[in-house]
Amino acid sequence: MADAAEIQGPSASPARRRLRRAGALLAGAPLLAGLLQLTATEPAQAAPADSVSVALDSLTPSAPTEDDTLTVSGTVINNGRQTVTGAHVGLRVGPLLNTRSAVDGIAQHPDDLRGGTGDELGEKYTEKFSKLVPGVAEHFSISVPADELNLGKDGVYSFGVSLSGKTSAQPWDQMLGIERTFLPWQSSEADTKSRTAVMWPLISSVHMTARTGAGARQTPVFQDDELAKEIAPGGRLAQMMDLGRDLDVTWVIDPDLLAAVDAMANGYRVQQSDGSTKAGSRENQDLAKQWLAGLQQAVTGKEVVALPFADPDLASLAHTGTSVTGSLSHLKDATDVAALTVKTVLHVTPTTDFAWPVEGAVDPSIIKVATSAGADRVIARSDSLRESSGLSYTPSAARPIGGGTTAVVADARMSTAFEGDLTKADTSTLAVQQFLAQSLEANVQKDEQRTVVVAPQRMPTASQAQAMATAVKALQDGNWSQPETLTAAAKAKPDPDATTRIPSTSAYPSSLRKQELPRSAFEQIADTQDKLDNFEVILTDQSRVVTPFGRAINRGMSTSWRGQAAKADGFRADVLSYLDNLGGQVKLIDKSETKLSGRSATIPVTVQNNLVQPVGHLYLRLSSTQPTRLKIAGKAYDEQPVEVSGGHSQSVKFTTSANANGRATVLAQLYTEDGQEYGDPVSFDVKVTEVTPTVMLVIGGGVLLLVLAGFRMYTQRKRAAARQAEEEGPDEAEADSGDDSGNPDDAGDRLSEEPGSPAGAAGPDQPGDPAPDTAPESADPSGTGERVDR
């Protein structure tokens with residue numbers, strides 16, 4: 001159509017057409033330049049606006065009051081590709097936060113530029129940078145009097161540190177990055193203060209094995225030397241002890257940790273990969289002594305709660321352990337020994353009526369197990385025991401849940417504030433401010449005093465412990481909270497509107513259930529206990545074995561094994577293997593075939609005791625598998641008591657009798673007093689070689705000749721008597737007949753007295769009773785063709 005119109009119009013000269021083309025090019029040049037510039041700037045515009053990161057490394061004081069000066073310091077880094085010019089760091093006070101959920105929202109996205117950032121305080125409270133080169137960190141520090149913050153009513157305010165500037169691609173002043181946190185503002189003493197109980201956990205992983213030295217001291221053996229690192233200056237446990245001494249907290253202690261450090265202080269050995277052990281260093285012994293001395297001072301005048309020994313995994317016990325007989329008895333043992341351990345090491349009497357399931361997650365089965373050992377207060381957490389009545393405030397911690405049991409519900413937000421990586425200063429600062437913000441926000445919810453419990457993670461890292469201490473110190477110095485002990489918090493008047501309904505078993509978090517000890521772990525523990533019960537009855541000093549193995553069994557079900565299934569299996573297997581090894585030190589010595597050269601003899605069986613202590617309460621039973629051929633003491637089996645001194649062997653001798661030639665298998669087995677088999681049996685053959693057919697024929701012929709001779713003599717005397725009676729007459733015959741009644745016995749007596757008479761060889765002489773062998777004997781098997789004592 002354009003072509004047609006152009007033909008229909010007047011024809012333009014070539015000069016005019018060239019002029020029109022030039023005009024069109026000139027008119028389109030600005031548009032083309034704009035298009036080219038737009039294309040070139042698209043990558044810069046596509047770059048994120050928050051290409052500059054702001055780190056708030058320090059905010060002091062954490063909870064300022066009217067007379068304070070707030071000092072904020074940190075670093076900014078240009079993460080983009082273009083240099084930022086005309087930059088400045090400013091402080092921004094945001095709106096008053098009215099809910100705890102609002103605090104959560106900012107904590108989840110502290111660098112979000114789209115949130116309510118508030119207005120800058122003004123140029124007076126800024127720090128300027130002429131330029132920020134990409135990748136280079138710049139430090140800033142700004143101080144501002146609290147009364148210049150323009151804060152209104154008490155409460156929690158959003159607070160941010162922002163960096164503004166411009167780039168060549170965006171040549172106008174704009175906010176390029178921000179770090180948002182919270183400013184708790186309680187200008188004066190609150191009319192109503194929360195009572196806050198902070199649990200300060202001293203818990204470690206398992207370090208000690210069941211192995212001990214053979215001497216009187218029973219030097220303990222450790223799995224590794226990691227505990228020394230934790231109690232060394234700067235170590236995790238050293239930090240917990242040093243920081244906790246200046247805080248008003250409730251110490252929650254695993255007695256196994258105290259036992260391990262105490263053992264280290266008195267000399268210990270460390271297990272090596274090849275199975276050998278080496279002596280722990282003197283330096284580490286000194287560290288242990290110093291740490292214990294410092295802890296004794298730190299807990300003086302403070303409440304101490306002792307967990308059951310080795311901090312058993314209550315949830316694992318409830319969900320899988322109760323199906324294995326005897327599992328709950330270990331929890332009772334761990335509870336009983338807890339108080340004694342703490343009192344012995346720290347010289348304080350602890351409270352032992354608290355149970356602390358992992359992360360405060362509870363269900364009916366966990367509550368039942370937790371209280372089975374005597375604890376009537378269970379530390380739960382508010383994200384497990386959730387409010388269902390739509391309360392607009394946070395209720396007090398204590399909740400009566402029936403049966404005389406109290407659930408002490410820790411605040412989930414405050415308890416989890418210090419999880420995660422807090423090695424960087426800014427993440428630590430944010431955690432502290434979030435903790436304080438949640439505490440103040442909860443306090444202003446209601447004009448009624450309530451009790452709050454803080455139950456942090458069981459084993460905080462050193463950086464987490466430092467952040468915790470900073471927050472707790474600020475809280476205790478603040479105007480809205482006062483310290484409380486855990487016991488007092490548990491006894492506080494409960495809120496009638498707070499939930500007391502324990503969540504169902506199906507509501508237990510699957511992430512926690514996946515970390516629980518399997519049923520096989522409790523079966524292995526039960527197997528170990530059975531073998532320990534069988535072993536201890538033969539010992540004269542049971543404490544040398546029962547105590548270390550009992551505590552090792554407690555360690556086998558520790559909460560610290562969560563997430564370490566392979567290591568946990570290895571630990572329990574090592575305990576069982578070592579117990580088997582000790583039990584095997586009391587055993588029967590193998591015997592080879594024994595020859596019985598006669599119809600009766602004495603067979604010795606040797607019991608060896610390689611333990612350092614005497615053993616007793618044992619019986620050795622020798623049984624014949626072919627009693628018609630070979631009898632033991634005239635019957636199928638015989639048994640005798642056994643007592644063997646430490647490091648010695650004892651020969652026990654049995655009288656045997658053979659009725660026929662050939663081999664008879666004999667079985668020797670040790671038994672405990674209650675009839676349980678002990679150790680492996682020993683079987684050997686007894687070969688009867690001297691009861692031959694010829695000998696039996698001679699013996700049988702001799703007996704037959706004796707009978708025939710006696711019968712012949714008897715008949716001859718009868719005949720002689722009859723003839724004499726005929727010759728002397730009836731009267732004399734009757735007299736003689738009456739006088740000789742019973743004379744066959746006299747004849748028999750005379751016959752037995754004749755030299756060479758078979759009656760004189762009716763049986764071989766019986767051997768005398770063997771004297772007990774108390775001296776050490778060789779542990780080697782008896783030689784082939786051994787002849788027994790006669």
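The chain is numbered in sequence order, starting from 1.
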Practice prompt. Check the surroundings of atom CD in Gln272: do more than 12 heavy atoms from other residues, nucleotides or ligands lie under 6.0 Å from it?
Written response: yes
Item to complete: Would you indicate whether Asp680, at its atom CG, is surrounded by more than 12 heavy atoms from other residues, nucleotides or ligands within a distance under 6.0 Å?
Response: no
Discussion item. What I'd like to find out is whether the side chain of Val652 reaches to under 4.5 Å of the side chain of Leu622, using heavy atoms alone.
Written reply: no
Worksheet item: Quick one: are Val453 and Asp411 in side-chain contact, heavy atoms under 4.5 Å?
Response: no
Worksheet item: Is Asp383 paired with Arg381 through a side-chain N to carboxylate O contact shorter than 4.0 Å?
Response: yes
Item to complete: Decide yes or no for Ser323 and Phe522: does some side-chain heavy atom of the first lie under 4.5 Å from some side-chain heavy atom of the second?
Response: no
Item to complete: Can you measure from CD (Gln585) to CG (Asn609) and round to the nearest 0.5 angstrom?
Response: 8.5 Å
Worksheet entry | Test item: side-chain donor near acceptor, Thr665 and Asp685, under 3.5 Å | yes
Worksheet item: Do Val324 and Arg519 have side-chain heavy atoms sitting under 4.5 Å apart?
Response: yes
Fill in: Pair Asp580 + Lys531: basic N to acidic O under 4.0 Å
yes
Discussion item. Enumerate the salt bridge (charged side-chain N to carboxylate O under 4.0 Å, His left out) contacts for residues 257-278, please, sequence neighbours excluded, ordered by first and then second residue.
Written reply: none
Worksheet entry | Listed once per pair and sorted, the salt bridge (charged side-chain N to carboxylate O under 4.0 Å, His left out) pairs that draw on residues 225-235, sequence neighbours left out | Glu226-Lys229, Glu230-Arg236
Fill in: For the student: nearest non-hydrogen atoms of Gln464 and Gly420, plus distance
NE2-O, 2.7 Å
Practice prompt. Could you list the residues that satisfy ring-ring contact (aromatic ring centres under 6.0 Å, His included) with His319, not counting sequence neighbours?
Written response: Tyr508
Worksheet item: Hey, are the side chains of Ile538 and Val586 touching, using non-hydrogen atoms and a 4.5 Å cut-off?
Response: yes
Item to complete: Would you please name every residue forming a ring-ring contact (aromatic ring centres under 6.0 Å, His included) with Phe309, sequence neighbours left out?
Response: none
Discussion item. The criterion is ring-ring contact (aromatic ring centres under 6.0 Å, His included); which residues satisfy it with Phe222, sequence neighbours excluded?
Written reply: Tyr268
Response to the item:
All heavy atoms of Val358 vs all of Arg562, minimum pair found to be CG2-NE, 3.5 Å
Practice prompt. Step through the shown structure and confirm whether more than 12 heavy atoms of other residues, nucleotides or ligands are within 6.0 Å of CD on Glu643.
Written response: no
Fill in: side-chain contact (heavy atoms from CB on, under 4.5 Å) between Gln223 and Gln271, intermediate numbers included
CA-CA 5 Å; Gln223 292 187 105; Gln271 189 168 285; 5.7 Å; no
Response to the item:
ring-ring contact (aromatic ring centres under 6.0 Å, His included) filter on Tyr678, not counting sequence neighbours, yields none
Response to the item:
Here the salt bridge (charged side-chain N to carboxylate O under 4.0 Å, His left out) pairs for residues 297-311, sequence neighbours left out, are Asp311-Arg458
Discussion item. Give me the atom names and distance for the closest heavy-atom approach of Ala526 to Thr325.
Written reply: CB-O, 4.2 Å
Worksheet item: With sequence neighbours excluded, what pairs up with Arg544 under the side-chain hydrogen bond (donor to acceptor under 3.5 Å, both in side chains) test?
Response: none
Discussion item. Side chains of Gln290 and Asp286: any donor to acceptor distance under 3.5 Å?
Written reply: no
Discussion item. If I compare all heavy atoms of Ser558 with all of Ala310, which pair ends up nearest, and what's the gap?
Written reply: OG-O, 2.9 Å
Worksheet item: Which atom names give the shortest non-hydrogen contact between Gly321 and Ser327, and what distance separates them?
Response: O-OG, 3.0 Å
Worksheet item: What pairs of residues pass the ring-ring contact (aromatic ring centres under 6.0 Å, His included) test when at least one of them lies in residues 549-581, not counting sequence neighbours?
Response: Phe549-Tyr578, Trp561-Phe571
Worksheet entry | OG-CG distance between Ser384 and Leu512, expressed to the nearest 0.5 angstrom | 9.0 Å
Worksheet entry | Set of residues satisfying side-chain hydrogen bond (donor to acceptor under 3.5 Å, both in side chains) with respect to Thr300, sequence neighbours excluded | none
Discussion item. Checking side-chain polar atoms at under 3.5 Å, does Asp353 have a donor or acceptor matched by the opposite partner on Thr351?
Written reply: no
Worksheet item: Take atom NZ in Lys289; do more than 12 heavy atoms of anything else shown fall under 6.0 Å from it?
Response: yes
Practice prompt. Enumerate the residue pairs fulfilling salt bridge (charged side-chain N to carboxylate O under 4.0 Å, His left out) with a member in residues 202-219, sequence neighbours excluded, ordered by first and then second residue.
Written response: Arg211-Asp574
Practice prompt. Taking all heavy atoms of Val378 and all of Ile367, pick out the closest pair and write down the distance.
Written response: CG1-CD1, 3.8 Å
Fill in: Results of side chain to side chain contact (heavy atoms under 4.5 Å, CB included) for Ala455 - residues two or more places apart only
Met199, Trp356, Ile379, Ala410, Ser415
